[in-house]
Amino acid sequence: MTADDSPDAQDPTSRGPRVVLVGPMGVGKTTVGRLLAERLGTEFRDTDEDVVATAGKPVAEIFFDEGEDHFRALERQAVATALAEHDGVLALGGGAVMAEETRRRLADRPVVLLTMDVAEAVRRTGLDAPRPLLAVNPRQQWRRLMEERLPLYTEVARVVVDTQGRTPEEVAEEILGALELSRP
């Protein structure tokens with residue numbers, strides 16, 4: 001059975017995550033996702049963590065050793081698997097929406113786009129963690145990535161939540177209200 005033959009591919013709303021978080025790196029998808037999962041009494045899953053587990057090495061090493069194309073192939077598979085298997089809160093890597101097949105899989109899902117401005121992005125991401133796509137001139141690179149990705153993020157999002165100057169708790173509460181999700 002191929003991924004397109006799965007029940008999920010035939011009826012994308014039949015099961016799957018209660019919330020899918022998308023947005024740029026550093027916006028808080030993992031932090032907010034963990035809070036949402038806790039408040040909803042469910043599990044949290046991050047497709048970047050799935051890729052790392054599959055590859056047996058950090059994202060930065062995958063980029064440097066095998067290249068971005070290899071990483072993106074692993075990412076597409078991780079997203080497809082997570083959407084089919086996971087029924088909690090799911091966070092996607094910042095570039096996952098670049099794949100057309102991923103955007104198709106996100107159609108009619110409870111997708112939330114988390115946003116922030118460039119100054120906040122640089123402050124949050126800085127150089128404290130290996131981020132291969134921000135290795136040189138982080139501000140310029142972030143702006144370029146957002147020019148490419150923002151239309152794709154908004155294409156898949158049902159809800160947009162600005163994280164600028166807000167606590168993760170405030171962001172989580174807004175998402176719960178916007179998606180009309182109830183706690184257990």
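Not measured: the values here are computed from a predicted model.
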- Message: Applying side chain to side chain contact (heavy atoms under 4.5 Å, CB included) to Leu83 and Val20, what does each step give before you reach the verdict?
- Response: CA-CA 9 Å; Leu83 288 171; Val20 179; 4.2 Å; yes

- Message: The test is side chain to side chain contact (heavy atoms under 4.5 Å, CB included); show your working for Val161 and Leu113 and say whether it passes.
- Response: CA-CA 6 Å; Val161 176; Leu113 166 58; over 6 Å; no

- Query: Does the pair Glu174 and Asp162 meet the rule for a side chain to side chain contact (heavy atoms under 4.5 Å, CB included), with working shown?
  - Reply: CA-CA 10 Å; Glu174 182 172 338; Asp162 186 0; over 6 Å; no

- Item | Audit row: Thr163, Arg166, side chain to side chain contact (heavy atoms under 4.5 Å, CB included) steps and yes/no | CA-CA 5 Å; Thr163 65; Arg166 300 174 73 196; 5.5 Å; no

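Note: Glu75 CD to Leu92 CG = 8.0 Å, rounded to the nearest 0.5 Å. Atom CG of residue Asp46 and atom CG of residue Leu21 lie 9.5 Å apart, to the nearest 0.5 angstrom. Leu181 CG to Ile175 CD1: the interatomic distance, rounded to the nearest 0.5 Å, is 9.5 Å. Here the CE atom belonging to Met98 is positioned 6.0 Å from the CZ atom belonging to Arg149, to the nearest 0.5 angstrom. The distance from atom OG1 of Thr31 to atom CD of Glu169, rounded to the nearest 0.5 Å, is 9.5 Å.
Looking at Tyr153, its side chain does come within 3.5 Å of a backbone N or O of Gly94 through a donor-acceptor pair. Panel note: side chain Thr167, backbone Glu170; a donor-acceptor pair is recorded below 3.5 Å. Checking side-chain atoms of Thr42 against main-chain N and O of Ala37 turns up no donor-acceptor pair under 3.5 Å.
Scored by the side-chain contact (heavy atoms from CB on, under 4.5 Å) test, Thr81 finds Arg45, Gln77, Glu85 as partners (sequence neighbours excluded). With sequence neighbours left out, Glu100 forms a side-chain contact (heavy atoms from CB on, under 4.5 Å) with Arg103, Arg104. Glu43 pairs by the side-chain contact (heavy atoms from CB on, under 4.5 Å) definition with His86, not counting sequence neighbours. The side-chain contact (heavy atoms from CB on, under 4.5 Å) check on Val52 picks up Val59, with sequence neighbours excluded.
Counting only residues at least two apart or in different chains, side-chain hydrogen bond (donor to acceptor under 3.5 Å, both in side chains) contacts with residues 54-67 comprise Lys57-Asp65, Lys57-Glu66. Within the structure, salt bridge (charged side-chain N to carboxylate O under 4.0 Å, His left out) pairs that include any residue of residues 24-35 comprise Arg34-Glu49 (at least two apart or interchain).
Val19 is listed as a side-chain neighbour of Val112, based on a closest heavy-atom distance under 4.5 Å. His70 places none of its side-chain heavy atoms less than 4.5 Å from the side chain of Phe63.
Nearest heavy-atom pair, Ala82 versus Leu90, reported as atom, atom and distance to 0.1 Å: CB-CD1, 3.7 Å. In terms of heavy-atom proximity, Ala172 sits nearest to Leu36 at O-CD2, 3.5 Å. Minimum heavy-atom separation, Val51 to Ala78: CG2-CB, 3.8 Å. Here the closest heavy-atom approach between residue Arg18 and residue Leu179 is recorded as O-CD1, 4.5 Å. The minimum heavy-atom distance linking Phe44 with Thr30 is given by the pair CZ-CA, 3.7 Å. The shortest non-hydrogen separation linking Pro17 to Pro110 is O-CG, 3.6 Å.
In the hydrophobic cluster analysis, where Ile, Leu, Val, Met, Phe, Trp and Tyr join through side-chain heavy atoms closer than 4.5 angstrom, Leu35 is grouped apart from Met116.
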